[in-house]
Amino acid sequence: MAIDTSAPSAGAMARVGQAMRWLRRHPTVLAGLVILLTVTLMAVFAPLFTIYDPQRLDPLQRLKPPSAEHWFGTDQLGRDVFARTVYGSRVSLIVGFTVAAFACIVGLVIGLVSGFIRVLDPVVMRIMDGLMAIPAILLAIAIVGITRSSIWAVVIAVTIPEVPRVVRLVRAIVLTLREQLFVDAAVSLGAKLPRILFVHVMPNTMAPLIVQATYVCASAIIIEAILSFLGAGTPPAIPSWGNMMAEGRTYVLVGWWLLLFPGLLLSLVVLAVNLLGDGLRETLDPRLRRSTNNE
Amino acid sequence: MIALILKRLVATAFVMAFVAFFVFGLLHLAPGDPAAVIAGDIATKEDIERIRATLGLDLPFHTQFLNWLGAIMQGDLGTSIFSGRPVSELILQRVEPTLALTTTTILLSVVVAIPLGIAAAWRAGSWIDRTMMGFAVLGFSVPVFVFAYLLIMVFAAQLKLVPVMGYVSPFKDLGGFLRAIALPTVALGVTYVALIARITRASMLEAINQDYIRTAHAKGLGIVPILFRHALRNASVPIVTTVGIGIALLIGGVVVTESVFAIPGLGRLTADSILRRDYPIVQGVILIFSGIYVLINLTIDIIYILVDPRIRY
């Protein structure tokens, strides 16, 4: 009994130790993880990080520079910029994580099917080329335009331009795997297509897919911020780093803090995700080690 | 070779057809009735129906799509809901600033990024390399409008070296144009520089390890001709491809940059039209940008097919 419970935990301990050693050799990944965890905690427990309500107006405290009372200053309506920056992290993280998940799942399924079924492949790939020909920001804007503005509309609008990149990655891997012996073996053993795709082929796409997911996440956070900045993103009632900067842009010469703090946080989070992605790529994906492009 | 080019042309036609269909479908799904908007507030139901009939909005979807496609082939992109003027005319008025901004950005980025990438590959693992790669990650991480405002705060608000925003035509005042376009060019170029520098480094690394480079060293050639004449030429295919693919990135950035710096170009037109829900303009601009992107990449591919006999798609 004692052995039964201790054995797996010893294995788990060893794995944690291994991960720790790996992180020590990759300080940039560690930095990225720390930033990301801090911001995630900030987003989840936002009310614990600030005493101010991000929506409360204080007409007597308009456009005040950073001070001990208001760390990041106040905006043109007297709202606390620190509180709004803390709450604003929610939109960026929700959009970043859900878009990464959606785009990878949808892209994985389309990529697997397209790479394996020769008849579908040319049609699917032309559609993907078409989607990639439309600049991501314009495509997202056009999709948001036809829906009511909500965070889910933004998630869908940002997911669609990201899907083709995942499809191309998965399909390229499937095309090389299709020629491998273990797939031939599965086919000759009479395995059905779904079994071949999901049991034999899919696990081999996981490592590059996880790396790709981090890049999708980083790009999604940027596109969401741009949509909000252009006024085509989440509703203005929800503070996001993009719409905070949009509201602050008129005051660029008199209230630098309105733009600087949300902008810095936004860049920091994207940087953290990118550092994580680069570190994972180096370790998980020897195939990609020499290429440095996101595509 | 000709078969290859034809194949590429057919694929491109399919891609553009899909883009057109997709963009038209989006507009079709958009809320709001253009006929009601054009008719105005005091219009009766009959007025709206009549306008709908003149616009062909009462026809079935596929007929409308074919009519629209036919009009586009003749250069007619429809009419702006907001101003009532032809979309093609509105777009033509805005082409110059966008063309100027993208040209300066592409030129500056290529001139800065390729030497950076070469230096990083030449001294791979050194501080030059690590600094360059660090800046590249930063370049991918700082959104274009954040960087734009940082530049404005430092160079326009504090140092007062350049105007905060605005645009001056190079045909009227070249000095004024250069001062006005400086910050937007740098802001828009950063991600593009990062992209090109990274791919230059990667493909140069591959080229530098080849036998012919060792031969060039052995026969006593200097480092500059080795890097630029021998290595760069062989590393150029992925670099030029990335310069082409990166234009999609640049176009997205143009919308944001023009909005930040109040440059009256196509990007600004798009941003304004979204806020006014003026879909025909949004549609027209997306079509044009996508068309340009597809054409540039088609051209690059065809040049490769003509120049490099190893390429087989």
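Letters go in sequence order (proteins before strands), and every chain restarts at 1. Because the structure is a prediction, the values reported are computed rather than measured.
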Participant: What part of A:A218 gets closer than 4.5 Å to chain B, counting heavy atoms only: side chain, backbone, both or neither?
Facilitator: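 No part of it gets close to chain B.
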
Participant: Applying side chain to side chain contact (heavy atoms under 4.5 Å, CB included), name anything that partners B:A13, two or more places apart in sequence or on another chain.
Facilitator: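 Here no residue qualifies.
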
Participant: For B:L26, what residues pass the side chain to side chain contact (heavy atoms under 4.5 Å, CB included) criterion, not counting sequence neighbours?
Facilitator: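 B:L26 satisfies side chain to side chain contact (heavy atoms under 4.5 Å, CB included) with A:A142, A:I143, A:I146, B:F22 once adjacent residues are dropped.
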
Participant: When only pairs under 4.5 Å are counted, which of A:G242, A:A232, A:A225, A:A272 shares the most heavy-atom pairs with chain B?
Facilitator: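 Highest number of pairs under 4.5 Å: A:A225.
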
Participant: Any chance the side chains of B:R8 and B:T12 put a donor and an acceptor closer than 3.5 Å?
Facilitator: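 Note: B:R8 and B:T12 side chains meet the donor-acceptor criterion.
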
Participant: Find the one option among A:I127, A:I222, A:V252 whose heavy-atom pairs under 4.5 Å with chain B are most numerous.
Facilitator: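 Ranked by contacts with chain B, first place is A:I127.
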
Participant: Using 4.0 Å as the upper bound for N to carboxylate O, is an ion pair formed by A:D278 and A:R281?
Facilitator: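 A salt bridge links A:R281 with A:D278.
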
Participant: Please list, one pair per line, the donor and acceptor atoms closer than 3.5 Å that link side chains of residues 140-151 of chain B to other protein atoms, with sequence neighbours excluded.
Facilitator:
from   : atom 1 : to     : atom 2 : distance (Å)
B:S141 : OG     : A:N274 : ND2    : 2.9
B:S141 : OG     : B:V137 : O      : 2.8
B:Y149 : OH     : A:R249 : NE     : 3.3

Participant: Any idea which of B:V256, B:L249, B:I247, B:V164 has the most non-hydrogen atom pairs under 4.5 angstrom with chain A?
Facilitator: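 That would be B:V256.
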
Participant: Please determine, among A:L138, A:V144, A:I141, A:I137, the option with the most heavy-atom pairs under 4.5 Å with chain B.
Facilitator: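 Heavy-atom pair counts peak at A:L138.
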
Participant: Measure B:S259 against the heavy atoms of chain A and call it side chain, backbone, both or neither at under 4.5 Å.
Facilitator: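 It is both, since atoms from each part get that close.
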
Participant: Do the side chains of A:D121 and A:M125 get nearer than 4.5 Å, heavy atoms only?
Facilitator: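 Answer yes - side chains close enough.
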
Participant: Between A:W241 and A:S92, is there a side-chain heavy-atom distance shorter than 4.5 Å?
Facilitator: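 Counting from C-beta outward, A:S92 and A:W241 do come under 4.5 Å.
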
Participant: If contact means a heavy atom pair closer than 4.5 Å, which residues of residues 253-261 of chain A contact chain B?
Facilitator: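 The stretch touches chain B at A:L253, A:W256, A:L259, A:L260.
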
Participant: Which bit of A:I221 comes within less than 4.5 Å of chain B, counting heavy atoms only: side chain, backbone, both or neither?
Facilitator: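 Neither part; nothing is under 4.5 Å.
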
Participant: Using a 4.5 Å cut-off on heavy atoms from C-beta on, say whether the side chain of B:V260 contacts that of B:I152.
Facilitator: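 Yes - at least one pair of side-chain heavy atoms lies under 4.5 Å apart.
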
Participant: Which region of A:I134, side chain (C-beta onward) or backbone (N, CA, C, O), has a non-hydrogen atom less than 4.5 Å from a non-hydrogen atom of chain B, or is it both or neither?
Facilitator: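 It is both, since atoms from each part get that close.
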
Participant: With a 4.5 Å limit on heavy-atom distance, are the side chains of A:V29 and A:L275 in contact?
Facilitator: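 The answer is no; the side chains never approach within 4.5 Å.
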
Participant: Is any side-chain heavy atom of A:V269 closer than 4.5 Å to one of A:L36?
Facilitator: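 Yes; the side chains approach each other to less than 4.5 Å.
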
